[in-house]
Number of protein chains: 2
Amino acid sequence: MAVAEPRTTTRRRTPRVDAIRNREAIVEAAAEVLAEQGAAVDVREIARRSGVGMGTLYRHFPKKEDLVHTVLRRDFMTWAESARQAAIDAEDPWAALTTFYQQALTGYARHRAIMENLALTLAEPDLEGIHQLRLVIEQLCARACATGLLRPGVTTDDLLLLLVSLGHAVQITDECRPRMWNRLLHISLDGLRADHREPLPCDSTVAGVSAP
Amino acid sequence: MAVAEPRTTTRRRTPRVDAIRNREAIVEAAAEVLAEQGAAVDVREIARRSGVGMGTLYRHFPKKEDLVHTVLRRDFMTWAESARQAAIDAEDPWAALTTFYQQALTGYARHRAIMENLALTLAEPDLEGIHQLRLVIEQLCARACATGLLRPGVTTDDLLLLLVSLGHAVQITDECRPRMWNRLLHISLDGLRADHREPLPCDSTVAGVSAP
DNA sequence: TCCCATGCGGAGCACTTGCTCCGCATAAGT
DNA sequence: ACTTATGCGGAGCAAGTGCTCCGCATGGGA
């Protein structure tokens with residue numbers, strides 16, 4: 001069964017080399033453009049930058065969404081990987097947490113398409129890379145919590161929402177007031193420390209608002 | 001000179017009543033739609049809701065931008081006014097600050113067009129309403145600072161950026177995790193209190209990673 | 001070298017959206 | 001009632017964008 005027919009129905013198993021090259025060029029160009037301009041970009045711009053025609057682009061990625069997802073999965077994976085590494089290298093749990101935010105906000109908050117989709121970490125982390133990132137933050141949270149440095153009751157979702165929130169602040173201030181967000185980060189991190197009088201409101205951690 | 005010509009060139013000083021009615025209907029409908037869907041909405045939708053034709057809409061507001069600005073000015077003014085009132089009513093400066101954030105995030109973070117434009121408070125507060133809102137926050141900041149409750153070095157811009165940042169968090173979590181942002185607000189407000197060891201980084205540098 | 005399955009390019013279609021144009025309706029002054 | 005400046009409606013234009021179609025080029029097996 002697994003024997004390939006010799007001549008009549010020669011199914012090619014591997015794509016042609018130019019097709020592979022083109023596919024990579026498309027992803028590369030798309031990554032650039034998505035980082036710069038977000039997912040609302042014109043598909044023609046991606047085709048232009050990758051030196052490829054529309055037909056080629058749409059054969060490799062039948063929907064714009066397919067291309068966007070491919071790129072986002074790749075970039076989120078890269079991010080998660082580097083974040084995990086940085087977290088491992090860090091001396092103590094608290095340093096790991098602060099370093100993570102610093103790195104994330106310095107390096108990835110400029111990636112517009114990533115920031116646009118980061119909110120999905122909270123709703124539906126279906127994209128593989130997003131899930132990986134979530135796992136890293138979960139670990140950071142657990143470690144900082146275990147050492148008693150993190151304010152009791154702070155959850156992974158809190159840290160994620162803070163990331164999304166600050167990511168937006170970075171995008172807003174990036175051009176007109178560079179690194180102004182750094183002050184906000186300090187403020188938020190201090191609010192995350194354990195030395196506070198009152199506990200956090202457990203408002204609706206689990207969709208809490210009482211049902212009608 | 002100021003005498004109006006009697007019949008040949010009767011310049012009407014006041015517009016026709018139906019024109020006034022239409023204009024108001026347009027603004028009303030636009031305010032609704034902009035709050036729900038943001039400024040990227042189709043102009044036809046506004047015309048439809050206000051029961052008016054495209055021609056009418058574009059005579060009153062030659063550019064879509066004109067209509068949007070008119071609505072935003074109105075809504076920002078309303079917001080600033082109610083915020084000012086609430087701040088005056090508050091018992092102490094800190095309560096005024098927390099109440100402001102609560103009210104802003106509960107009531108105005110759902111206004112999509114307002115949130116989209118709130119970032120302008122930091123860059124170019126040319127819209128009159130935005131400037132008014134900035135003044136309110138300036139007062140809140142000054143009062144809380146004077147009583148020593150606010151962390152030294154915190155500026156009006158910090159409070160504004162926090163507002164923008166949290167506003168985004170509200171929009172993100174509004175549907176899937178209602179009021180989850182409340183926890184983030186508590187964290188941030190605690191970070192704003194005066195009882196912290198280290199001072200805030202004075203804007204740029206700090207941030208560890210050395211400049212080239 | 002020859003052949004053809006596989007892949008390529010980009011004009012063009014379908015739809016959206018900001019804005020205009022112009023024939024028709026009517027408020028309001030006489 | 002009559003007139004007309006003022007205002008109205010909505011079809012339609014122009015530009016942008018996702019996606020398709022089809023004639024042509026070519027990698028790679030023989």
Side-chain angles (χ1 to χ4, degrees), chain A residues 3-30 33-34 36-72 112-113 116, chain B residues 3-30 33-34 36-72 112-113 116:
Chain A
V3 178
E5 284 89 335
R7 66 207 64 169
T8 58
T9 49
T10 32
R11 283 280 151 73
R12 197 186 298 272
R13 317 109 253 271
T14 59
R16 272 163 47 171
V17 292
D18 56 342
I20 294 177
R21 197 171 45 233
N22 277 332
R23 190 191 162 91
E24 281 167 2
I26 291 168
V27 173
E28 212 63 43
V33 179
L34 288 181
E36 287 170 18
Q37 317 189 32
V41 80
D42 190 339
V43 188
R44 285 165 184 76
E45 173 64 19
I46 300 176
R48 209 173 302 128
R49 280 215 209 182
S50 53
V52 137
M54 292 295 290
T56 303
L57 196 156
Y58 271 93
R59 187 167 333 92
H60 287 292
F61 304 95
K63 303 269 178 192
K64 182 186 179 184
E65 198 190 0
D66 299 333
L67 175 54
V68 172
H69 271 180
T70 300
V71 169
L72 283 182
R112 299 186 62 150
E116 285 167 7
Chain B
V3 176
E5 284 87 333
R7 64 208 65 169
T8 58
T9 49
T10 33
R11 282 281 150 73
R12 197 185 298 274
R13 316 105 258 271
T14 59
R16 273 162 48 170
V17 291
D18 55 343
I20 295 177
R21 196 171 44 234
N22 278 332
R23 191 191 161 90
E24 282 167 1
I26 291 169
V27 172
E28 212 61 45
V33 178
L34 289 181
E36 286 171 19
Q37 316 189 34
V41 80
D42 189 339
V43 187
R44 285 166 183 77
E45 173 65 18
I46 299 176
R48 209 174 301 129
R49 283 215 208 181
S50 54
V52 138
M54 292 295 290
T56 303
L57 196 155
Y58 271 93
R59 187 165 335 89
H60 287 291
F61 304 94
K63 303 269 179 194
K64 182 186 179 183
E65 197 190 1
D66 298 334
L67 174 55
V68 172
H69 272 180
T70 301
V71 170
L72 283 182
R112 298 185 62 151
E116 286 166 7

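Order of the sequence lines fixes the chain letters, A, B, ..., with proteins taken first and strands second; residue numbering starts at 1 for each chain. None of the values given here were measured: they were computed from a predicted structure.
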Between C:dG18, D:dG27, D:dG7, which nucleotide has the shortest distance from any of its atoms to the side chain of A:V17? D:dG27

C:dC8, OP1 or OP2 - any side-chain N/O from A:N22 closer than 4.0 Å? yes

Could you grab the distance from atom CD of A:E116 to atom CG of A:L34, nearest 0.5 Å is fine? 8.5 Å

Establish, with yes or no, whether the OP1 or OP2 oxygen of D:dG7 is under 4.0 angstrom from a side-chain nitrogen or oxygen of B:T56. no

Provide, to the nearest angstrom, the distance between the CZ atom belonging to B:F61 and the C1' atom belonging to D:dG7. 15 Å

Exercise: identify the closest heavy-atom pair between A:S50 and A:A29: CB-CB, 3.6 Å

Considering just the side-chain nitrogens and oxygens of A:Y58, establish if one lies under 4.0 Å of OP1 or OP2 belonging to D:dT20. no

If you measure from the Lys or Arg side-chain nitrogens to the Asp or Glu carboxylate oxygens, is any gap between A:R23 and A:E28 under 4.0 Å? no

In this structure, how many angstroms lie between the C1' atom of D:dG16 and the NZ atom of A:K64, rounded? 12 Å

Can you identify which nucleotide, out of C:dC19, D:dC19, C:dG9, has its nearest atom closest to the A:K63 side chain? D:dC19

D:dG28 base / A:R16 side chain donor-acceptor hit below 3.5 Å: no

Could you pick out which residue, A:P62 or B:D18, lies toward the 5' side of DNA chain D when each is mapped onto its nearest nucleotide? B:D18

Could you check how far CD1 of A:I46 sits from C1' of C:dG10, rounded to whole Å? 17 Å

For A:V71 against A:A30, the heavy-atom pair lying closest together: CG2-CB, 3.8 Å

Any heavy-atom pair between the side chains of A:F61 and A:V68 that's under 4.5 Å? no

Protein-nucleotide distance (B:L67, atom CG; C:dG18, atom C1'), rounded to Å: 13 Å

Provide, to the nearest angstrom, the distance between the CE atom belonging to B:M54 and the P atom belonging to C:dG18. 8 Å

Just the rounded figure in Å: distance from C1' of D:dG9 to CD1 of B:I26. 12 Å

What's the closest nucleotide to the A:V43 side chain, out of D:dG18, D:dC19, D:dG10? D:dG18

For C:dG12, does the base pair up with any side-chain atom of A:R44 as donor and acceptor (N or O, under 3.5 Å, distance only)? yes

When you measure from the side-chain N and O atoms of A:H60 to the phosphate of C:dC8, is any distance below 4.0 Å, counting only OP1 and OP2? yes

The nucleotide from C:dA11, C:dC8, D:dG7 with an atom nearest the side chain of A:R59 is C:dC8

